[in-house]
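Everything below concerns the one structure shown next.
The basis for the numbers below is simple: all heavy atoms, side chains too, and nothing from hydrogens, waters or symmetry mates. We count residues from 1, following the sequence as given.
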Amino acid sequence: MGKLNNPENKYLAISEKPVSDLLRKWISISPVLARTVFRKAAALPAIPVPDTGELVEKRWSYLSKAYSLSYEDPIRMLGSAFQYMYDDRGNAFLDLRNNIPHVGHCHPRVVRAGQQTMAGLNTNTRYLYDEIHSYSEKLLATFPASLNRVFFVNSGSAASDLAIRLARTHTGRKGVMVMEHGYHGNTQTGIKISHHKFAGKAGGGQADHILTVPIPRSGQHLSSGEKDELNEKQLKDFLEIHKNRGTEMAAFITEPIVSAAGQIEIDSNYMQEIYAFIRKHGGLNISDEVQTGFGRLGRWFWGYEQAGVIPDIVVLGKPMGNGHPMAAVVCCETIADSFSKGMEFFSSFGGNPVSCSIGEAVLDVIKAENLAENAKEVGDYIIACFEVLQKNFPCFGEIRGQGLSLGVEIIKEGSPEPDTALATRLVKGLRERNILVGTDGPFDNVFKLKPPLCFTRENADQLISAIREVLD
Ligand code: PMP
C-alpha cells in the first residue's frame with residue numbers, strides 16, 4: 001500500500017530489485033525438483049512418476065497417429081514459467097522451440113487479465129462490450145493507417161483461410177500465388193496455399209488455381225536478368241498460365257521470413273518489386289505474420305516492415321494470445337467493405353471479451369518489458385555466439401533471421417550439403433542437457449531458435465555451451 005500511495009518514494013521500493021532477481025532465479029529451478037527435495041527432507045514418501053511407455057500407449061488409444069510426438073523418449077510436462085518448462089522428473093527445460101508463449105509461459109499479467117474477464121463477462125461480437133474496442137484500437141495502432149479493420153478468429157489457419165476469402169471477394173478472382181516451402185494452415189484452403197503441405201507427404205500436389213514461386217535468395221531482384229531464378233518475364237508467364245486455366249490472380253501470400261523453409265528471409269528489393277508487380281496486375285498482397293509478428297524480429301514489430309512494404313491484408317496468430325487460442329486478419333477498409341456486401345461474418349469465439357483482455361495484456365507486456373528491444377539485443381548476441389562457434393565447428397552453415405527468430409544450418413564438413421543426421425543428434429543431445437530446440441527446412445537440418453521474448457544472454461550462453469559440449 002505504501003508504494004501505491006507514494007509512487008515517487010524510491011525508498012519504499014528499495015527491496016524490490018533483489019526480490020525480482022530472486023524470482024527470476026527461482027523459475028530456472030523445477031518446482032517438481034524442489035518438492036522432491038523438501039519431501040525427502042521432511043521424510044515424506046516420493047510422489048510416483050508414471051511410466052512413459054504406458055502414457056504413450058494411452059495417448060494412442062485416444063488420439064490419431066496423424067499427431068506427432070517430440071523425442072524418442074517423450075516428455076511429460078507438468079508446468080511452465082517464462083522461458084522454462086518443467087517435466088515430471090524434476091527437470092527444468094530451457095524452451096527455444098515454442099514461439100507461442102511469446103511474452104513468457106504463464107506470464108502472470110496475461111493470466112490475470114484472462115481470469116478477471118472470464119469471471120465477469122464472456123460473450124460474442126453480436127453485443128457491444130468495451131474490451132473489443134480497447135483491444136482493436138491498441139492492435140490497429142501498431143499498423144500503418146491504411147490497415148484499419150480487424151476480423152477476430154481463433155487460429156492462424158482460420159485467419160489465413162479468411163484472408164484468402166477476403167482477397168477473392170474483393171477481387172472477384174480465384175488464383176493465389178504462394179511461396180515455395182510456405183505454410184499457412186490446416187484448413188482445405190490452408191493446405192492448398194501451403195507448398196510445404198501440398199508438395200509434401202500425401203499432399204496431393206498443386207491445385208490448378210495455385211502457382212508457386214521459387215524462394216528468392218538474398219540480393220535477388222525481379223528485373224536483374226536471366227541468371228535470377230525468378231524474373232519479371234517468369235512472373236508474366238505465371239499470370240498467363242493462370243489466365244489459361246481460367247483463373248486470374250486474387251492474391252500473393254507469403255511470410256517475410258519463410259519459416260518451414262528454414263527461416264529464409266525474403267530479400268527486401270524482391271519483396272518491393274513483387275508487391276508492385278502483384279498490384280499492377282490487380283492482385284492483393286497478404287503478409288502472414290503468424291511467426292514473425294508482435295516484435296519477435298526485434299527491430300520491426302511486423303515482419304513486412306523489414307522489407308519496406310505495406311500489405312493489403314495481414315494474418316496474425318500464435319503469439320497474439322500467448323497461448324490462448326486467438327488470431328486475426330487485419331486489412332484495408334475497402335477490402336472489409338467488399339466483404340460486408342456478402343454474407344454475415346461470425347465467429348463464435350473470435351474477439352470475445354476474454355480473448356481481447358488477454359490480447360491487450362500481451363501488447364501491454366511487450367511494451368512494459370521492452371521485449372522487442374530484448375529480442376533484438378539477445379538475438380544479435382546469439383548470432384555473434386554462433387559466428388564464433390562456426391570458426392571451431394565446420395558443421396554450422398548459414399546463420400539467418402532477425403531478433404529471436406533465428407535459423408542455423410547444420411551442414412556436412414567442407415560442403416554446403418545438409419547434415420540431417422547431425423542436426424537430429426544435436427537436438428537429442430540438447431534435450432539431454434535440458435534445452436528444447438527444433439529443426440526446420442526441407443531437409444530438417446536448420447535449427448529453429450524461437451524462444452519466448454524474455455530469453456536472456458545468460459540463457460544464450462547456456463545454449464552455446466551445451467552445443468559445444470554435445471559437439472565435443
Ligand atoms: N501461418 C504460419 C506461418 C504458421 O506458422 C502457422 C502455424 N504453424 C499457421 C499459419 C497456422 O496457425 P495455427 O496452427 O494456429 O492454425
> Does a side-chain heavy-atom distance below 4.5 Å link Cys395 with Leu471?
Replying inline: yes

> Would you find a donor on one side and an acceptor on the other, under 3.5 Å apart, between the side chain of Glu398 and the backbone of Glu409?
Replying inline: no

>> Check whether Phe346 forms a cation-pi arrangement with Arg126 (NZ or CZ under 6.0 Å from the six-membered ring centre, at most 45° off the ring normal).
In response: yes

>> If you compare all heavy atoms of Arg400 against all heavy atoms of Gly262, which two are closest, and at what distance to 0.1 Å?
In response: NE-O, 2.9 Å

> Is the shortest heavy-atom distance from the side chain of Ile382 to the side chain of Ile399 under 4.5 Å?
Replying inline: no

>> Could you measure the distance from the CG atom of Leu449 to the CZ atom of Arg97? Nearest 0.5 Å is fine.
In response: 11.5 Å

> Please walk me through it: do Asn122 and Thr117 pass side-chain contact (heavy atoms from CB on, under 4.5 Å)?
Replying inline: CA-CA 7 Å; Asn122 204 0; Thr117 308; over 6 Å; no

> CE of Met77: more than 12 outside heavy atoms within 6.0 angstrom?
Replying inline: yes

> Between the side chain of Asn374 and the main-chain N/O of Leu453, is any donor-acceptor distance below 3.5 Å?
Replying inline: yes

>> Please check this pair: side chain of Glu255 against backbone of Ser259, looking for a donor-acceptor N/O pair closer than 3.5 Å.
In response: yes

> What distance separates Ile313 CD1 from Cys332 SG, expressed to the nearest 0.5 Å?
Replying inline: 7.5 Å

> When you check the side-chain N and O atoms of Gln116 and Ser357, is any donor under 3.5 Å from an acceptor?
Replying inline: no

>> Quick check: closest heavy atoms across Arg173 and Gly283, and the distance to 0.1 Å?
In response: NH1-N, 4.0 Å

>> side-chain contact (heavy atoms from CB on, under 4.5 Å) for Met177 and Thr254? Distances and angles first, verdict last.
In response: CA-CA 9 Å; Met177 200 151 96; Thr254 188; over 6 Å; no

> Do Arg433 side-chain atoms and Gly429 backbone N/O form a donor-acceptor pair below 3.5 Å?
Replying inline: yes

> Which is it for Leu316 and Val290 under the side-chain contact (heavy atoms from CB on, under 4.5 Å) test, yes or no, and what are the steps along the way?
Replying inline: CA-CA 5 Å; Leu316 319 180; Val290 167; 5.9 Å; no

> How would you list, by chain and number, every residue that makes a salt bridge (charged side-chain N to carboxylate O under 4.0 Å, His left out) with Glu387, sequence neighbours excluded?
Replying inline: none

>> Please check: side-chain N/O of Asn322 versus main-chain N/O of His102, any donor-acceptor pairing under 3.5 Å?
In response: yes

> If you take all heavy atoms of Ser136 and Val150, which pair is closest and at what distance?
Replying inline: OG-CG1, 3.9 Å

Table please: side-chain donor-acceptor pairs of residues 358-366 below 3.5 Å, with sequence neighbours left out.
from: Glu360; atom 1: OE1; to: Ser134; atom 2: OG; distance (Å): 2.7
from: Glu360; atom 1: OE2; to: Ser134; atom 2: OG; distance (Å): 3.1
from: Glu360; atom 1: OE2; to: Lys138; atom 2: NZ; distance (Å): 2.9
from: Asp364; atom 1: OD1; to: Lys138; atom 2: NZ; distance (Å): 2.9
from: Asp364; atom 1: OD2; to: Lys138; atom 2: NZ; distance (Å): 3.4

With a cut-off of 3.5 Å and sequence neighbours excluded, list every side-chain donor-acceptor pair involving residues 415-424.
from: Ser415; atom 1: OG; to: Glu417; atom 2: N; distance (Å): 3.2
from: Asp419; atom 1: OD1; to: Leu422; atom 2: N; distance (Å): 3.1
from: Thr420; atom 1: OG1; to: Phe443; atom 2: O; distance (Å): 2.7
from: Thr424; atom 1: OG1; to: Thr420; atom 2: O; distance (Å): 2.7

> With Glu333, which residues qualify under salt bridge (charged side-chain N to carboxylate O under 4.0 Å, His left out), at least two apart?
Replying inline: Arg149

> Distance-only, no hydrogens or angles: does the Ser28 side chain make a donor-acceptor pair with backbone N or O of Arg24 under 3.5 Å?
Replying inline: no

> Short question: side chain of Arg431, backbone of Leu436 - any donor-acceptor pair under 3.5 Å?
Replying inline: no

> Do the side chains of Ile435 and Leu96 get nearer than 4.5 Å, heavy atoms only?
Replying inline: yes

> Among side-chain atoms of Glu369 and His107, is any donor-acceptor pair under 3.5 angstrom?
Replying inline: yes

>> For Ile286 and Val315: C-alpha separation, side-chain torsions, deciding distance, then whether side-chain contact (heavy atoms from CB on, under 4.5 Å) applies.
In response: CA-CA 7 Å; Ile286 306 175; Val315 175; 3.8 Å; yes

> Do the side chain of Asn459 and the main chain of Thr456 share a donor and acceptor less than 3.5 angstrom apart?
Replying inline: yes

>> Determine whether Phe301 and Phe143 satisfy the following criterion, ring-ring contact (aromatic ring centres under 6.0 Å, His included), listing intermediate values before the conclusion.
In response: CA-CA 9 Å; Phe301 199 79; Phe143 289 94; 8.1 Å; no

> Where do Ser155 and Ala158 come nearest, in terms of heavy atoms and distance?
Replying inline: OG-N, 3.0 Å

>> Is it true that, when you exclude Leu63 itself, more than 12 heavy atoms of the residues, nucleotides or ligands shown sit nearer than 6.0 Å to its CG?
In response: yes

Please tabulate, for the side chains in residues 195-205, all donor-acceptor contacts under 3.5 angstrom to protein atoms that are two or more places apart in sequence or on a different chain.
from: His195; atom 1: ND1; to: His181; atom 2: N; distance (Å): 2.8

> In terms of side-chain heavy atoms, does Asn352 have a donor or acceptor partner in Tyr129 at a distance below 3.5 Å?
Replying inline: no

> Looking at Gly397 and Gln390, what are the two nearest heavy atoms and their distance?
Replying inline: O-NE2, 2.7 Å

> Does the side chain of Ile383 come within less than 4.5 Å of Leu406's, by heavy atoms?
Replying inline: yes

>> With rounding to the nearest 0.5 angstrom, report the CZ to CD1 distance, Phe252 to Ile193.
In response: 11.5 Å

>> With a 4.5 Å cut-off on side-chain heavy atoms, are Phe455 and Phe82 touching?
In response: no

> Parallel under 30°, tilted from 30 to 60°, perpendicular over 60°: which one fits the rings of Phe396 and Phe393?
Replying inline: perpendicular

>> Could you check whether Phe345 and Phe151 have their ring centres less than 6.0 Å apart?
In response: yes

>> Looking at every heavy atom in both Met85 and Asp95, which two are closest together, and how far apart are they?
In response: SD-OD2, 3.5 Å

>> Counting C-beta onward and ignoring hydrogens, is there a side-chain heavy-atom pair between Asn285 and Val309 closer than 4.5 Å?
In response: no

>> Please check this pair: side chain of Ser405 against backbone of Gly401, looking for a donor-acceptor N/O pair closer than 3.5 Å.
In response: no

> Any donor and acceptor pair, going by atom type alone, linking the side chain of Ser160 with main-chain N or O of Ser157 inside 3.5 Å?
Replying inline: yes

> Taking everything shown except Ile310 itself, do over 12 heavy atoms lie less than 6.0 Å from its CD1?
Replying inline: no

> What is the distance from atom CE of Met179 to atom OG1 of Thr212, rounded to the nearest 0.5 Å?
Replying inline: 10.0 Å

> Heavy atoms, side chains only, cut-off 4.5 Å: are Val176 and Ile164 in contact?
Replying inline: yes

>> Does either side chain, that of Ser355 or that of His324, offer a donor lying less than 3.5 Å from an acceptor on the other one?
In response: yes

> Looking at side-chain heavy atoms only, is the closest gap between Thr439 and Phe447 below 4.5 Å?
Replying inline: yes

> For residues 288-315, which residue pairs qualify under side chain to side chain donor-acceptor pair (under 3.5 Å), counting only residues two or more places apart or in two chains?
Replying inline: Asn99-Gln291, Thr142-Trp302, His184-Asp288, Glu265-Gln306, Arg279-Asp312, Ser287-Glu289, Glu289-Thr292, Gln291-Lys450, Arg299-Asp380, Arg299-Gln402

>> Nearest 0.5 Å, please: how far is NZ in Lys318 from CG in Asn98?
In response: 8.0 Å

>> As an exercise, state the distance from OH of Tyr381 to CD of Glu377, rounded to the nearest 0.5 Å.
In response: 10.5 Å

